[in-house]
Amino acid sequence: MEKLRSLRGMADLLPEATRRWQHIEATALAHFQRAGLAEIRTPLLEATALFARGIGEATDVVGKEMYSFLDRGERSCTLRPEGTASVVRAAIQHGLLAQGSQRLWYGGPMFRYERPQAGRLRQFHQLGVEYLGYADPFTDAEAIAVAWDLLGALGISGLELELNSLGTSADRARYRKILMAWLGERRGGLDEDSRTRLATNPLRILDSKDPGTRALLRDAPSLADALSEESCQRFAAVRQALTALDIPFRLEAGLVRGLDYYNHTAFEITSNQLGAQATVCGGGRYDGLVEQLGGPATACVGWAMGMERLVLLLTRQEEERKAVAPHLDGAPQCYLVSRPGRAALQALALSRSLRARGLAVERDVSGSTLAKQFRRADRSGATWVITIGEAEAEACTARLRHLRRDGVEREFAQGQLPDQLLALVRD
RNA sequence: GCGGGCGUCGCCAAGUGGUUAAGGCAGCGGCUUGUGGCGCCGCUAUUCGGGGGUUCGAAUCCCCUCGCUCGCCCCA
């Protein structure tokens, strides 16, 4: 029979990994709450039109990476490839924006049909933040600070913030013409991909990795020079705020971003330890999106982080620090050993009352010799072992022993044991 | 979608045409049927991702296929 396995690019998270994910999620939740962000959850499945209109028909994400299908009612549905479009849709649909500005965060799986590689899966997970109804440039810096500080709280080092301004759509339309004209005269110097982009999405050429194209671009007219006076001032205010917050950044003229809805501030936080998929967090301002999806004109900033990439970085850094054996993280505090029959039944009841008192308890269910059970108790990483044998069952007592220190064994009435153990655990 | 590397037990792995597919870790059992950590002994792959082919004979050679992985691309 053919072996059943998970689909390509869809990863199982086994207990060892899951502990790391929970740590990131718990850290992020506390961090977001302090930043005054509220959580929003939207469906994984949306109408295809939402992404086509929101992200842009010409983008790679919409053009070739979406998981789309017709449902039983012949409606075109798509597994969300990113979070922002859904959040904006939900905010419009429920009139959230009529109640004033919204600071939201979200998390969960996204789907993109791509060839998997390190830090890139078909089902991947993002943590994202959206500030809806905030035109103030300092908010851009605040949003960036929230991302930057979260990464700091997670203990991730070796990160760089790259920053650019895309200006307004009018600025870009103007620049687009200038760039197309300039590059058009130099077509021959461009790589093949860039030549096709000349017609479809010329700004993306700025992001090309082709050495020939990059060399040519050094003398190209810059987007910064095409920005309006107002856009320039706006960008200056963002930089000023970042400097005041003591967050270092590097101006990156080639940073264009792949989704159509961005304008003004665009940024990425990258790591030098991730290989080809270096971006840990990416985002920017998207002032036109709400209106484009049928809502009131609303200025917004946001970003998204790749969970898998965070996990990759944390794992790598833990390995470098040679952190303690990870299996001990899930170790029970106490391990219950018993003989079969009546004693085992008492052990079952005792384990339940210990858990009710907040202790992490594991009970041996093997029914093998006490020596074996002790061996397993030791391997489980537990600190305490509790024994109920025939004699103890008869007397309704249990023996308590510290596995990691002297191993002195004491006998208590089963009813007293939770209190006794709790007192010992506290010191 | 395009290129490179790889696929032997739950994990790490030796084996590169010849009788029974090393070893280590983990697991299980025993020495020790009421007491762990050490040690010793034993058990755990009719089978080498899958399917064809070559050969007296294949994990080892050839073809196809699937998967993993790295890079391009794309992005979180």
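Labels below follow one simple rule: chain letters A, B, ... track the order of the sequence lines, proteins then strands, and each chain is numbered from 1. Quick caveat: nothing in here was measured; it's all calculated off a predicted structure.
For the pair A:Q373 CD and B:rG37 P, the interatomic distance rounds to 14 Å; values are reported in whole Å. As rounded to whole Å, 11 Å separates atom P of B:rC2 from atom OH of A:Y113. The distance from atom CG of A:L336 to atom P of B:rU35 is 19 Å, rounded to the nearest whole Å. Atom pair A:R8:CZ and B:rC66:P shows a separation of 9 Å (rounding to whole Å applied). Across the protein-nucleic acid pair, A:Q277 atom CD and B:rG71 atom C1' stand 10 Å apart, rounded to whole Å. Distance A:R122 CZ to B:rC68 C1': 13 Å, rounded to the nearest Å. Regarding A:E394, its CD atom lies at a distance of 17 Å from the P atom of B:rG34, rounded to whole Å. When the C1' atom of B:rC43 is taken as reference, atom NZ of A:K372 falls 12 Å away, rounded to whole Å.
Not one side-chain nitrogen or oxygen of A:R5 sits closer than 4.0 Å to the OP1 or OP2 atom of B:rC66. Checking the phosphate oxygens (OP1, OP2) of B:rG34, no side-chain nitrogen or oxygen of A:R375 falls inside 4.0 Å. An OP1 or OP2 oxygen of B:rG34 is reached within less than 4.0 angstrom by a side-chain nitrogen or oxygen of A:R339. A close approach under 4.0 Å does not occur between any side-chain nitrogen or oxygen of A:Q117 and OP1 or OP2 of B:rC70.
Of the residues near RNA chain B, A:M10 and A:R204, the one whose nearest nucleotide (by heavy atom distance) lies more toward the 5' end is A:M10. Positionally, the nearest nucleotide of RNA chain B for A:T369 lies more toward the 5' end than for the other of A:A118 and A:T369.
If you take atom P in B:rC6 and the same atom in B:rC63, they sit 14 Å apart, rounded to whole Å. For the C1' atoms, the distance linking B:rC66 with B:rG30 amounts to 43 Å, nearest Å. One P atom belongs to B:rA22, the other to B:rA45, and the distance between them is 11 Å to the nearest Å. On the P atoms, B:rU16 is 16 Å away from B:rG49, given to the nearest whole Å. Remark: the separation of the P atoms in B:rC40 and B:rG7 is 33 Å, to the nearest Å. Spacing between B:rG23 and B:rG15 at atom C1', rounded to whole Å, works out to 11 Å. Remark: the separation of the C1' atoms in B:rG24 and B:rG1 is 42 Å, to the nearest Å. Atom P of B:rC25 sits at a distance of 16 Å from the matching atom of B:rG37, rounded to the whole Å.
Counting any heavy atom pair closer than 4.0 Å across all strands shown, A:E192 reaches no nucleic acid atom. Residue contacts shown for A:G389 include a base, since a base heavy atom lies under 4.0 Å away. Nucleic acid contact for A:R401: base, since at least one base atom lies under 4.0 Å from a heavy atom of the residue. Across all strands, A:A377 comes closer than 4.0 Å to no nucleic acid atom at all (heavy-atom distances). Contacts of A:R376 with the nucleic acid, taken as non-hydrogen atoms under 4.0 Å apart, involve only primed sugar atoms and P, OP1 or OP2. Nucleic acid contact class of A:R404 (heavy atoms, under 4.0 Å, all strands): base. Within 4.0 Å (heavy atoms only), A:G128 reaches no atom of the nucleic acid at all.
Side-chain atoms of A:A304 lie closest to B:rA76 of the nucleotides B:rA76, B:rC75, B:rU35. The listed nucleotides are B:rC75, B:rG34, B:rG71; the one nearest the side chain of A:R115 is B:rG71. Of all nucleotides listed (B:rC75, B:rG36, B:rA76), B:rC75 comes nearest to the side chain of A:V61. In the set B:rC2, B:rG36, B:rA76, B:rA76 carries the atom at the smallest distance from any side-chain atom of A:E114.
Between the side chains of A:R309 and A:S271, no donor-acceptor pair is found at a separation under 3.5 Å. Between the side chains of A:T84 and A:E130, at least one donor N or O lies within less than 3.5 Å of an accepting N or O. Checking A:T42 against A:R89 by side-chain atom types alone, no donor-acceptor pair falls below 3.5 Å. Judged by distance alone, the side chains of A:S86 and A:E46 do bring a donor and an acceptor atom under 3.5 Å apart. When only modelled atom types and interatomic distance are considered, A:T213 and A:D191 share a side-chain donor-acceptor pair under 3.5 Å.
Across every strand in view, B:rG39 sits in a pair with B:rC31 that passes the Watson-Crick or G-U test at under 3.5 angstrom. With a cut-off of 3.5 Å on both pairing distances, B:rA13 has no Watson-Crick or G-U wobble partner at all. Base pairing annotation: B:rC56 forms a Watson-Crick or G-U wobble pair with B:rG18, both donor-acceptor distances under 3.5 Å. B:rC68 and B:rG5 make up a base pair, with Watson-Crick or G-U wobble contacts both under 3.5 Å.
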Going through the distances and angles, do A:S366 and A:R376 end up as a side chain to side chain donor-acceptor pair (under 3.5 Å)?
CA-CA 10 Å; A:S366 68; A:R376 273 190 286 267; 2.5 Å; yes
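Note on ring orientation: taking the six-membered ring where Trp is involved, the planes of A:W105 and A:F32 are tilted (angle from 30° to 60°).
Side-chain to base pairing of A:E65 with B:rG1: no donor and acceptor N or O lie closer than 3.5 Å to each other. Between the side chain of A:E409 and the base of B:rU35 there is at least one donor-acceptor pair of N/O atoms closer than 3.5 Å. Under 3.5 Å, the side chain of A:D378 and the base of B:rG36 form at least one donor-acceptor pair of N or O atoms. A donor-acceptor contact under 3.5 Å is formed by the side chain of A:R309 with the base of B:rC75.
With rounding to the nearest 0.5 Å, the separation of CE in A:M10 from CZ in A:R5 is 13.0 Å. If you take CG on A:L29 and CD on A:E39, they are separated by 7.5 Å, rounding to the nearest 0.5 Å.
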